[in-house]
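Structure, as structure tokens:
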Amino acid sequence: MLAYAILMWGIGALFLMLGILIYRGKTELIHEYHRKKVKPEDEKAYGQAFAKGLFVISAALIVSGMIALFASSGMAAALVVLFAGLFAAFFVLWRVQRHYNGGVF
């Protein structure tokens, strides 16, 4: 459980840093394909909304690692939190892409 927790915290920290950079305006970190239909005047709002999805992913990873390490139920609860958080994050990202880019693809 310790290895899982450390792995989740490390990956969560990477998503958190990426989200902070994008939130502060480095939208070029998002793949060009996903930004090609975003209007230049919406670019800042798009980056901030996209970063919120990354923050949800980061939170899901970090909380899942904490539950795996400290909860008595262990991995089952950690995986439930992980998958629920990832589902919520992908829903947020889907809505952002649909709103600013006209669709996911």
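Worth saying up front: this structure is predicted, and the values here are computed from it rather than measured.
- Considering every non-hydrogen atom in both Ala68 and Met75, the closest pair reads CB-SD, 4.0 Å.
- Remark: Leu69 CG to Trp9 CH2 distance equals 4.5 Å, nearest 0.5 Å.
- Considering all non-hydrogen atoms of both residues, Leu16 and Ser58 come closest at CB-OG, 3.4 Å.
- The cluster map of Ile, Leu, Val, Met, Phe, Trp and Tyr, joined by side-chain heavy atoms under 4.5 Å apart, puts Trp94 and Ile30 in different clusters.
- No side-chain heavy atom of Phe83 sits under 4.5 Å from any side-chain heavy atom of Ser64.
- Between Ala89 and Ile57, the shortest heavy-atom contact is CB-CG1, 3.2 Å.
- The aromatic rings of Tyr46 and Phe50 sit tilted relative to each other, their planes meeting at an angle between 30° and 60°.
- We find the CE-CE distance between Met66 and Met8 to be 14.5 Å, quoted to the nearest 0.5 Å.
- The CG atom of Leu18 lies 11.0 Å from the NZ atom of Lys26; values are rounded to the nearest 0.5 Å.
- Shown here for Ala77 and Ile67, the closest heavy-atom pair between the two residues is CB-CG2, 3.8 Å.
- Evaluated for a side chain to side chain contact (heavy atoms under 4.5 Å, CB included) with Phe15, the options Ile20, Ile62, Leu54 yield exactly one hit, Leu54.
- Put simply, Met1 and Ile11 are part of the same group of oily side chains (I, L, V, M, F, W, Y) that touch within less than 4.5 Å, one to the next.
- Listed for the Asn101 side chain is a donor-acceptor partner under 3.5 Å among the backbone atoms of His34.
- Other residues, nucleotides and ligands contribute over 12 non-hydrogen atoms within 6.0 Å of the OH atom of Tyr4.
- For the residue pair Ile22 and Ala51, the shortest heavy atom distance occurs at CG2-CB, 4.3 Å.
- By the rule that hydrophobic residues join a cluster once side-chain heavy atoms approach within less than 4.5 Å of another member, Val92 and Val81 end up as members of separate clusters.
- When the options Lys36, Lys37, Arg35 are evaluated for a side chain to side chain contact (heavy atoms under 4.5 Å, CB included) with Tyr33, the one that passes is Lys36.
- Cluster membership for Val63 and Phe87, using ILVMFWY side-chain heavy atoms within less than 4.5 angstrom, is not shared.
- Across all their heavy atoms, Gly19 and Phe55 have their closest contact at C-CE2, 3.5 Å.
- Remark: side-chain polar atoms of Thr27 are not paired, donor with acceptor, to backbone N or O of Glu43 under 3.5 angstrom.
- With respect to the salt-bridge test (charged N to carboxylate O, under 4.0 angstrom), the residues Glu41 and Lys39 do not qualify.
- A heavy-atom distance below 4.5 Å is not found between the side chains of Phe90 and Val56.
- Residue Leu7 holds its CG atom at 11.0 Å from CG of Leu2, rounded to the nearest 0.5 Å.
- The hydrophobic cluster containing Leu93 also contains Leu21, counting ILVMFWY residues as joined when their side-chain heavy atoms lie under 4.5 angstrom apart, directly or transitively.
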